[in-house]
Amino acid sequence: MEPGEQGLGGFFEAIRHAVNCDTKNVVGATNLCHIASVPSKVEKCVYTQGLDSLGKDALHVASATASALEARFQARVDADDKIEPKDWMPDAYRHTLIRQISQHAHSEIVGMLPEGNWITRAPSLRRKAVLIAKVQDEGGHGMYLYSAAETLGISRDQMTAQLLAGTAKYSSIFNYPTPTWADVGAIGWLVDGAAIMNQIPICRCSYGPYARAMVRICREESFHQRQGFEIMMTLARGTPEQKRMAQDALNRWWWPSLMMFGPSDAESKHTAQSMRWKIKRFSNDELRQHFVDVTVPQAEFLGLKVPDPALRWDEASQHYEFGAIDWSEFNNVLKGNGPCNRERLDARRRAWDEGQWVREAAVAHAEKQKQRAARAA
Ligand code: BYC
């Protein structure tokens, strides 16, 4: 049985026991680095750059009706076959993937900013080295994801233009500020924790390039989550002032982290279709609940209090019940009115403008290499 086939609890349980990781017995760790049971065939393939908007199937099915093509496509999805870039796929499937993968890529890139804010002020050389490596990892994730989206027929320049024009979304969570060092811990613990909860199921997404990109990303996110938890543990066990800082960061990041999973299932316009296509394996609410169930005991281990007076363990359902999410805040952030929306986009626009000479130099260098090779031939 593969991860994802045995329901949410069983899925994460399988991950937990898949390999003998050093975090296995640490109460406070999420243990989501255990993704060895991701099918190995997923890891063997590489991206294809040969784009063809109709796909190889089109050569053989000129007379086939659209519904026959769709039925065959859905049968492949149902059989857990991977859909590859040159395969026939419904336009709506292609557009859904472009939307989700490009939003995901933008989130990784914009997500470098809140933590990048602390690189120059990290409290020790060790913390600085780790933080630089983490932020660099997020940049790498963005690159894999832009590459995965490109296999669907959109260019990196188009996606960048959409981000800079403010027409593309990126995760709501990165529109919140990081005023203290504890925010770096809270982001690693909660934001990366929520991200891997959401992203491990994507390792089994029906679209091959996206699924394969997620394997490495999840392994790295798992390390990020643990480094964040370790920062929180150090602060929580430090001076009263450090503990207050950790609690304050938890107070500010808790609710936005729950919002990361997206609107409630009742309000989610894409979930039902995305689950039929196996782009998503679990609904927003299922993943959010699982995050709460896993994270509340971690907060208790840290000696911190989750800022939710309605939070209580329900013996009958074996889940935590939690208070109502303020969806007006979420919608406001999505509309561009969060505390840092403007600042984040300004930073990306500045980086694009200031990187113009690098792009020009790279093109000039490639041209020079080409001419040199032509002369040598
Ligand atoms: N923020 O029908 P729904 C990271 C939008 S970065 C903003 O449920 P779907 C990291 C949604 O796009 C990881 N928008 O949509 C990096 C849709 O709008 P459109 C980021 C959101 O797609 C650095 C509308 O609301 N993770 O790990 O079925 C440092 C309706 O929603 C959000 C991903 O990108 C949101 N939170 O489900 C540290 C994961 N939620 O497009 C860490 C991949 C919803 O119709 N993405 N919206 O205009 C997904 O899994 C899914 O796209 C979502 C939403 C669960 C996010």
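As the structure lists them, so they are numbered: ligands from 1, and atoms in each ligand from 1. Quantities reported herein were computed from a predicted structural model and do not represent experimental measurements.
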In terms of atom number and element, which parts of ligand 1 are under 4.0 angstrom from non-hydrogen atoms of [X]?
{"X": "Ser107", "answer": "6 (S), 16 (C), 20 (C)"}
{"X": "Tyr170", "answer": "1 (N), 7 (C)"}
{"X": "Ala195", "answer": "27 (O)"}
{"X": "Gly262", "answer": "40 (N), 44 (C)"}
{"X": "Glu221", "answer": "4 (C), 27 (O)"}
{"X": "Gly111", "answer": "23 (C), 29 (C)"}

What residue and heavy atom of the protein are closest to [atom], and at what distance?
{"atom": "atom 1 (N) of ligand 1", "answer": "Ser172 N, 2.8 Å"}
{"atom": "atom 49 (C) of ligand 1", "answer": "Gln100 NE2, 3.5 Å"}
{"atom": "atom 39 (C) of ligand 1", "answer": "Asn198 OD1, 3.1 Å"}
{"atom": "atom 13 (C) of ligand 1", "answer": "Gln199 OE1, 3.2 Å"}
{"atom": "atom 28 (O) of ligand 1", "answer": "Lys280 NZ, 2.7 Å"}
{"atom": "atom 44 (C) of ligand 1", "answer": "Pro263 CD, 3.6 Å"}
{"atom": "atom 3 (P) of ligand 1", "answer": "Ser268 OG, 3.4 Å"}
{"atom": "atom 10 (C) of ligand 1", "answer": "Phe174 CZ, 3.4 Å"}

Would you indicate whether the side-chain heavy atoms of [Y] and [X] approach each other to under 4.5 Å?
{"X": "Met259", "Y": "Arg288", "result": "no"}
{"X": "Val191", "Y": "Trp253", "result": "yes"}
{"X": "His270", "Y": "Arg99", "result": "yes"}
{"X": "Pro201", "Y": "Leu287", "result": "yes"}
{"X": "Arg349", "Y": "Asp346", "result": "yes"}

Whether [X] side chain and [Y] backbone form a donor-acceptor pair below 3.5 Å:
{"X": "Arg281", "Y": "Arg204", "result": "yes"}
{"X": "Arg94", "Y": "Leu152", "result": "yes"}
{"X": "Asp192", "Y": "Trp189", "result": "no"}

At a non-hydrogen distance cut-off of under 4.0 Å, which region of [X] contacts ligand 1 (side chain, backbone, both, or neither)?
{"X": "Phe330", "answer": "side chain"}
{"X": "Phe261", "answer": "backbone"}
{"X": "Met259", "answer": "backbone"}
{"X": "Arg288", "answer": "neither"}
{"X": "Ser274", "answer": "neither"}
{"X": "Asn284", "answer": "side chain"}
{"X": "His141", "answer": "neither"}
{"X": "Tyr210", "answer": "side chain"}
{"X": "Lys169", "answer": "side chain"}
{"X": "Lys269", "answer": "both"}

[atom1] of [X] to [atom2] of [Y]: how many Å apart, nearest 0.5 Å?
{"X": "Asn331", "Y": "Asn337", "atom1": "CG", "atom2": "CG", "result": "11.0 Å"}
{"X": "Arg344", "Y": "Leu163", "atom1": "CZ", "atom2": "CG", "result": "13.0 Å"}
{"X": "Leu334", "Y": "Glu329", "atom1": "CG", "atom2": "CD", "result": "11.5 Å"}

When only distance counts, is [X] in polar contact with ligand 1, meaning an N/O pair under 3.5 Å?
{"X": "Glu115", "answer": "no"}
{"X": "Gln103", "answer": "yes"}
{"X": "Met260", "answer": "yes"}

Who else is in Trp357's hydrophobic cluster (ILVMFWY, side-chain heavy atoms under 4.5 Å, direct or via others)?
->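 Its cluster partners, ordered by chain and number, are Val358.
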
Check each of Arg126, Arg237, Lys134 against Glu230 using the salt bridge (charged side-chain N to carboxylate O under 4.0 Å, His left out) test, and report the only one that passes.
-> Arg126

Between Tyr146 and His106, ring centroids under 6.0 Å =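 Judged by ring-centre distance (under 6.0 Å), Tyr146 and His106 do meet the cut-off.
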
Would you say Met275 and Tyr93 are hydrophobically clustered, going by side-chain heavy atoms of ILVMFWY under 4.5 Å?
->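 Each belongs to a different hydrophobic cluster.
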
Given the rule that I, L, V, M, F, W and Y join up when any side-chain heavy atoms are under 4.5 Å apart, are Trp313 and Trp254 in one cluster?
->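 Linked, Trp313 and Trp254 end up in one cluster.
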
Trp352 six-ring centre to Arg359 NZ/CZ under 6.0 Å and within 45° of normal | yes

Residues, nucleotides or ligands: over 12 heavy atoms within 6.0 Å of Glu241 CD = no

Heavy-atom protein contact below 4.0 Å for atom 35 (C) of ligand 1 =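 There is a protein heavy atom less than 4.0 Å from atom 35 (C) of ligand 1.
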
Candidates Gln273, Lys134, His270; heavy atom nearest atom 45 (O) of ligand 1 found on His270

Contact between His224 and ligand 1, counting heavy atoms under 4.0 Å?
-> no

Contact with ligand 1 for Glu267, non-hydrogen, under 4.0 angstrom =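 No.
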
